[in-house]
Amino acid sequence: MTEPKSLLLKTLVERGHFHQCTDFEALDKAAGEGIVTGYIGFDCTADSLHVGSLVQIMTLRRLQQSGHKPIVLMGGGTTRIGDPSGKDEARSLLTDEKIASNMAGIRKVFDHYLTFGDGPTDAIMVNNNDWLDGLQYISFLRDYGRHFSVNRMLSFDSVKLRLDREQPLSFLEFNYMILQGYDFLELRRRLGCTLQMGGSDQWGNIVNGVELGRRAAGLELYGFTSPLLTTASGAKMGKTASGAVWLNADKLAPFEFWQYWRNTEDGDVGRFLRLFTDLPEGEIARLEALEGAGINEAKKVLATEVTALAHGRAIADEMAETARRVFEEGATGEALARIEIARPDLAAGVGLIDLFVRAGLATSNGEARRLIKGNGARINDMAVTDERQQAGEADVNSDGVIKLTAGKKRHALIVPV
RNA sequence: GGAGGGGUGGCCGAGCGGUCAAUGGCAGCAGACUGUAAAUCUGCCGACGUAUGUCUACGUUGGUUCAAAUCCAACCCCCUCCA
């Protein structure tokens, strides 16, 4: 690999997005000469995207920032099949209605990261169901199926993994890579798209598309992958107590989102700042160099910057301020989860176990009980020692709420109404 | 179609008539230590219940037995080999 000359590849390499490329020099040249249209496909398996997809989203953002045109490909059609990559077994099939509603949820995420419109470098969103749904089986097989060798397909990791583990792989799923390859060709024809990007687990699928373009239509297409993201200690990213770290505010409260980034491991701070924020390199280098407890400042910047992209600057600042009040002053903060409770109920006394469950700090009575037994539960910052303890009106503090805490970091406010 | 193997908690994976809510690992939660970090150590980790307890769970449905994740039958699904 030579030093990239184009702004696009320079940016992607510098920001840590680069893992592999089918033809680095050629893509570099193309990006230096004109607008490159590139796409990344997204599954519609959930009604939001989570941080696992954030590298991909940011890759599209970098593409646009570098003066090129991003396409968000919604896998409306391919989701009806299910990508076998990285899956031990077949996912259950989703209904078409579910896919449609998932797609609507995902669309909202992208508005925060890309500028959509009709201009030359404006982002557009397309759905591969538009062309996959109407495919004629026989003619499709004759035109494109002949370019795929089963011998080769069997050697792909996504397939091999299943076979090696003696896990079933249905013919339906086996076709996924063919259709994804076909998507690329179709996007080239419809929109002049010459670049497909994705996570490194998509390498095989992407290469298929590039090769199909060459074999079936003599086209020169490029593939580019980003590293799969794990934390410095090797864990997969994106999990919290309450589940995946979603990018939609209605799936994960912005405060939790901010907290997720605030709790980044030390060794990841620099890498994440490059990947997930727009901060200039100099600023990142400065933050990254902080040592010991000082690195916490960098984590706050990281959390606020990432939240600003996902939820807007105003909300991000509010979350930073809430966190400061809650953690550094021990106060209650506006943005904590608020759960309402009827005043008469409260007057009669409510069991704390019940309250923790209602507040979402425990998923079952048993879990709340365990939390209390393990000294992890607090009410208004006082440890709860008796699981039969009740909360009453006397527990409402000067802010007019009852503050519940689970562990050190999870808080909720009970508001009498 | 034939022969053999298999389906266990979020995942991996033991158990192969009672002592099984089910060993162990991963993931998760809490406590200690810290910096709202990592690593480490400790405890917890199906639901309900203050609790001796009750209920639900080992592919599905029946059966044998005082007693079944464990035995039997049928069915469903998967894998391997043969045709």
Side-chain angles (χ1 to χ4, degrees), chain A residues 52 84 86-93 159-174 230-245 255-273 287-288 290-304 307 319-331 333 335-336 351-354 356-357 359-379 381 383-390 404-412:
Chain A
K87 306 289 180 306
D88 279 353
E89 38 189 279
R91 265 194 286 248
S92 50
L93 290 175
V159 172
K160 212 163 57 179
L161 177 83
R162 289 276 190 89
L163 297 181
D164 287 349
R165 303 191 56 166
E166 302 191 351
Q167 296 282 353
L169 175 76
S170 71
F171 184 65
L172 177 72
E173 296 173 279
F174 192 53
T230 53
T231 66
S233 48
K236 264 190 196 144
M237 277 193 70
K239 285 289 195 59
T240 67
S242 43
V245 181
F255 184 69
E256 303 296 321
F257 187 80
W258 192 93
Q259 280 297 317
Y260 175 78
W261 295 102
R262 171 62 183 82
N263 286 310
T264 296
E265 294 178 29
D266 288 7
D268 289 326
V269 172
R271 196 160 54 108
F272 287 1
L273 280 167
L287 290 168
E288 193 178 24
L290 295 171
E291 287 182 1
I295 193 106
N296 285 330
E297 286 312 309
K299 291 183 188 181
K300 288 178 201 168
V301 172
L302 173 68
T304 304
T307 306
M319 295 313 133
E321 174 59 15
T322 294
R324 196 187 62 75
R325 293 234 296 275
V326 172
F327 287 98
E328 294 172 27
E329 294 178 5
L336 295 180
L352 283 188
I353 289 177
D354 185 33
F356 271 89
V357 173
L361 296 175
T363 55
S364 69
N365 291 357
E367 193 176 311
R369 223 180 289 276
R370 277 177 233 126
L371 191 66
I372 293 170
K373 276 183 189 153
N375 289 323
R378 275 170 290 157
I379 174 166
D381 298 313
V384 178
T385 48
D386 181 358
E387 55 187 73
R388 274 167 296 183
Q389 191 174 327
Q390 298 215 322
L404 296 182
T405 306
K408 289 181 186 128
K409 303 173 195 167
R410 293 150 61 216
H411 307 275

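Protein chains get the first letters and strands the later ones, always in sequence-line order, with residue 1 at the start of each.
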Is there any protein nitrogen or oxygen under 3.5 Å from a nitrogen or oxygen in nucleotides 31-35 of chain B, and what are the pairs?
unit_1: U34(B); atom_1: O4; unit_2: K408(A); atom_2: NZ; d: 2.8
unit_1: G35(B); atom_1: O6; unit_2: D266(A); atom_2: OD2; d: 3.2
unit_1: G35(B); atom_1: N1; unit_2: D266(A); atom_2: OD1; d: 3.2
unit_1: G35(B); atom_1: N1; unit_2: D266(A); atom_2: OD2; d: 2.5
unit_1: G35(B); atom_1: N2; unit_2: D266(A); atom_2: OD1; d: 2.6
unit_1: G35(B); atom_1: N2; unit_2: N296(A); atom_2: OD1; d: 3.3
unit_1: G35(B); atom_1: N2; unit_2: K299(A); atom_2: NZ; d: 2.9

Distance between C1' atoms of A57(B) and A22(B) (Å, rounded)
10 Å
Interface polar pairs with nucleotides 54-56 of chain B, N/O, under 3.5 angstrom:
none

When rounded to the nearest Å, what value does the distance between P atoms of C66(B) and G15(B) take?
28 Å
Counting distance only, does the side-chain N/O of R378(A) pair as donor-acceptor with the main-chain N or O of G407(A) below 3.5 Å?
yes
H411(A) and T405(A): which non-hydrogen atoms are nearest, and at how many Å?
ND1-OG1, 3.2 Å
Looking at A37(B), A51(B), C29(B), which one has an atom nearest to any side-chain atom of R410(A)?
C29(B)
Say you pick atom P in U42(B) and the same atom in C26(B); how far apart are they, in whole Å?
12 Å
Taking the same atom, P, in G2(B) and in C75(B), what whole-Å distance lies between them?
11 Å
Whole angstrom value for the distance that separates C1' of A37(B) from NZ of K300(A):
13 Å
Look at all strands and tell whether A362(A) reaches a base, only sugar-phosphate, or nothing, counting heavy atoms closer than 4.0 Å.
nothing
Heavy-atom closest pair, residues F356(A) and A368(A):
CB-CB, 4.1 Å
In whole Å, what is the span from the NE2 atom of H411(A) to the C1' atom of U36(B)?
8 Å
Quick one: on RNA chain B, does R388(A) or Q259(A) contact a more 5' nucleotide (nearest heavy atom)?
Q259(A)
Go through the steps for I353(A) and I372(A) under the test side chain to side chain contact (heavy atoms under 4.5 Å, CB included), then give the verdict.
CA-CA 8 Å; I353(A) 289 177; I372(A) 293 170; 4.0 Å; yes
Distance-only donor-acceptor test (3.5 Å): side chain E387(A), base U50(B):
no
For a stem of at least 3 consecutive Watson-Crick or G-U pairs with distances under 3.5 Å, i pairing with j, i+1 with j-1 and so on, which stems involve RNA chain B?
B:1-7 with B:76-82, B:10-12 with B:24-26, B:28-32 with B:40-44, B:46-48 with B:53-55, B:59-63 with B:71-75
Could you tell me how far U54(B) sits from A38(B) if I compare only their C1' atoms? Round to whole Å.
43 Å
A303(A): side chain to side chain contact (heavy atoms under 4.5 Å, CB included) partners, not counting sequence neighbours
W258(A), W261(A), R262(A)
P spacing across the pair A51(B) / G5(B), given as an integer number of angstrom
46 Å
In short, V269(A) meets A298(A) closest at the heavy-atom pair CG1-CB, 3.7 Å
Contact list (N/O, under 3.5 angstrom) for nucleotides 44-48 of chain B vs protein:
unit_1: A47(B); atom_1: OP1; unit_2: S364(A); atom_2: OG; d: 2.9
unit_1: A47(B); atom_1: OP2; unit_2: R370(A); atom_2: NH2; d: 2.6
unit_1: C48(B); atom_1: OP1; unit_2: N365(A); atom_2: N; d: 2.8
unit_1: C48(B); atom_1: OP2; unit_2: N365(A); atom_2: N; d: 3.4
unit_1: C48(B); atom_1: OP2; unit_2: G366(A); atom_2: N; d: 2.9

Taking atom P of A37(B) as reference, at what distance in whole Å does atom CD of E297(A) sit?
15 Å
Results of side chain to side chain contact (heavy atoms under 4.5 Å, CB included) for K409(A) - residues two or more places apart only
N263(A), F327(A)
For U61(B) versus A68(B), give the span between their P atoms, rounded off to a whole number of Å.
15 Å
When the C1' atoms of U80(B) and U70(B) are compared, how many Å lie between them, rounded to an integer?
25 Å
